Structure formats: C-alpha cells, structure tokens
Amino acid sequence: MDQKKLQQKIKQLAAEKDALLIAHNYERDEVQEIADITGDSLALSIEAQKTDKKVIVFCGVHFMAESAAILSPEKTVLLPRADAGCPMADMVTAEGLKALKKQHPDATVVTYVNSSAAVKAESDICCTSSNAVSVARSVAAKKLLLVPDRNLGRYIAKNVPEKDCIFWEGYCPTHDRLRVEEVEQVKADHPEALFMVHPECQPEILALADHICSTSGMYEFAAENPAKKFIVGTENGILWRLRKENPDKQFIMANREMFCPTMKITSLEDVLRCLETMETRITVAEDIRVKARLALDKMLAVPRD
Ligand code: 13P
Ligand code: SF4
C-alpha cells in the first residue's frame, strides 16, 4: 500500500476507534504527519491527560506511553512497538535508586521523565527537559538526587547553584555522542548560525550554545528568533517540523549521526497494526502507578522554565 493510502487508512481507523494519535518530535516524518498532536515529553503527557478520547496511540518510546498510562488509567494507552525503549531510562532501576536514597536520606529525588514507572514511584518529583530548572528550584530540600541523566543533572546544578546535587551517571547515547570539535567545525562553516541544543548533551557542548531547551523549545526559538540559520544539537527527527514551519530558514545538524534507533523504529505499518489489534497495551500496576502519579502530579503543578 502506498504511503498516502496507509496514512488515510490509519486516520479512518483512529476515528472509528476513538483514538488520539500522538507522536514525539523525534518520530519518523511520515508518522509525525498523521499525528493529531506532536510535541515534547511534557506537552504529550499533558495532552494525553486532557483528551476525552478513549484510546491513545503513543508513537514514541515506552516511558512516554507509561507516563500516559500513569496519568490516565481509564484510557487504553497503546504503544505501536513494544520494543521501543529508551536506553537512558534502562540505566536506572528502582532497586538501584533505593540503595542511593539510603545513602542520602536527607535528599529529594528529582527524576527525569525518561525513566520507568517503578523508578518514578521511588522519586519525590519528576521533571522534563522543559521544566527541569523550575522543578529543582521548587524543591525545599538543599540536597537533590538527580536521576538518571548526568548531563541534564549537571545542567540543573549549574542553573540552581544554591542546591547540593548528586548525579546518577546515566546518559542518552544519541545526545552524549556529540563532540566539541564537531560543533566547532559546523560553527566555523556557518559563523552566522545560532546553535540550539538539548540539555541531554554534555556540559562542554552546552557551553557552546546560544540556546538550551527541550525539543518543543527549539520550535519556539527558531520561529521567534530573526536569525535565518540554526545549528541543531538534538535528534534529527526535529528537522521535519522545523523546516515545515520555517521555510525561509536553514537548519543544519551539529552531527548527522544524531538519531535515536528506538524513536525511529515505529513505522506507519506498525501504527496501523496497533489500531487493528489494539496491541500493545501499556498498563502500570496500581501500587506503583499511584506513587509514580504523585511524582508526576507534583511536576505538573510547577510552572515552565
Ligand atoms: P523532550 O522532552 O525535549 O521531548 O526530550 C525527550 C527525549 O527523549 C530527548 O531525548
Ligand atoms: Fe532515550 Fe535518548 Fe532516544 Fe530520547 S533520544 S528516547 S533519551 S535514547
């Protein structure tokens, strides 16, 4: 079946099943094209909670669908590819976090949403890349355990110097790979371009940035800034909407290899199959869900950075 027909069939079936199609900003272009909503982790969690549709098809990775299931247990949350995980989220377990908490009983645990429900359940408050600094500032405790992204953790620590921060040493393989020499080379090739970067990149990379923000923050920055050229330091799925919404501007990847294999795993065929079979349904055990929900709700009550 050609792509357009496949997309039409998905839209038709989604309407019949009362399903909302959600896609993260890193998904394949053709998947983002059929989504009712695209966005960053925070925006998608909020939209999933707000919708009155019965079914949410989450084109993203497992922790995102799990967040939707935590926030909206009455809805059917479907992940088209059960094997779409996040390597960073897999770098911390609830047991590992419990052990670290024992060593620092006076610390508040601030956990990036890129984590399992079981890890969220062991956390005091969650954050995303778009509210991390505000969340850290909102916490009363002086000592913070920042989990699991060491790079986001160091970004928070730099912006909230009044806190004592302890870092979990996890990282995103897609963002952590970006090197200073690569950025300097692209900057030298395009001296007029502004460099916008995701806080999952290493601190030395963030030091070179004109703007540090979440994926959705990049759409806002590119649209509002009068510059015509931007160097992009995040996963390449972001380019589709950046180019569509800013046809007069140029976007250059800081490193062409910045792509997340699990974000790109979901095809249109997978989305169609998911709607036909109503598989794979993502659920969270109630005892874990209730605790994880508290950490997410506390985050949602904090205004954006
Ligand atoms: P955002 O919250 O900026 O969408 O990032 C999610 C993610 O997985 C980044 O790698
Ligand atoms: Fe996880 Fe990185 Fe992929 Fe985001 S880009 S889903 S943090 S591996």
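We count ligands from 1, going down the list as the structure has it; atoms in each ligand are counted the same way. A quick note: this is a predicted structure, and the numbers were derived from the prediction, not measured. If you read the sequence from its start, that first residue is 1, and numbering goes on from there.
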Just the protein N/O/S atoms under 2.8 Å from atom 1 (Fe) of ligand 2, please, no waters. Cys86 SG

Set out, in order, the CA-CA distance, both residues' side-chain angles and the distance that settles side chain to side chain contact (heavy atoms under 4.5 Å, CB included) for Tyr112 and Glu200, then state yes or no. CA-CA 11 Å; Tyr112 193 24; Glu200 286 176 17; 2.5 Å; yes

Ignoring hydrogens and angles, state whether a donor on the side chain of [X] or [Y] is under 3.5 Å from an acceptor on the partner side chain.
X	Y	value
His175	Thr234	yes
Glu33	Gln7	yes
Ser130	Thr128	yes
Asn151	Gln202	no
Ser134	Asn131	no
Thr215	Asp40	no

What's the separation between atom CZ in Arg273 and atom CG in Leu13, rounded to the nearest 0.5 Å?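 Output value for this atom pair is 13.0 Å.
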
Gap separating the OG1 atom of Thr174 from the CD atom of Glu235, nearest 0.5 angstrom: 6.5 Å

Does NZ or CZ of Arg241 fall inside the cone over Tyr219's six-membered ring, less than 6.0 Å from its centre and within 45° of the axis?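 Flagged: Arg241 positioned over aromatic ring of Tyr219.
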
Within the protein, flag every N or O under 3.5 Å from an N or O of ligand 1, and note the pair and distance.
from     : atom 1 : to     : atom 2 : distance (Å)
ligand 1 : 2 (O)  : Ser41  : N      : 3.3
ligand 1 : 2 (O)  : Ser41  : OG     : 2.9
ligand 1 : 2 (O)  : Ser129 : OG     : 3.1
ligand 1 : 3 (O)  : Ser129 : OG     : 2.8
ligand 1 : 3 (O)  : His198 : NE2    : 2.9
ligand 1 : 3 (O)  : Thr215 : N      : 3.0
ligand 1 : 3 (O)  : Thr215 : OG1    : 3.3
ligand 1 : 4 (O)  : His24  : NE2    : 2.6
ligand 1 : 4 (O)  : Ser41  : N      : 3.2
ligand 1 : 4 (O)  : Thr215 : OG1    : 2.9
ligand 1 : 5 (O)  : His198 : NE2    : 3.3
ligand 1 : 8 (O)  : Asn114 : ND2    : 3.2
ligand 1 : 10 (O) : Glu200 : OE1    : 2.8
ligand 1 : 10 (O) : Glu200 : OE2    : 3.1

Looking at Glu200, which atoms of ligand 2 are within less than 4.0 Å of one of its heavy atoms?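 Every atom of ligand 2 under 4.0 Å from some heavy atom of Glu200: 2 (Fe), 7 (S).
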
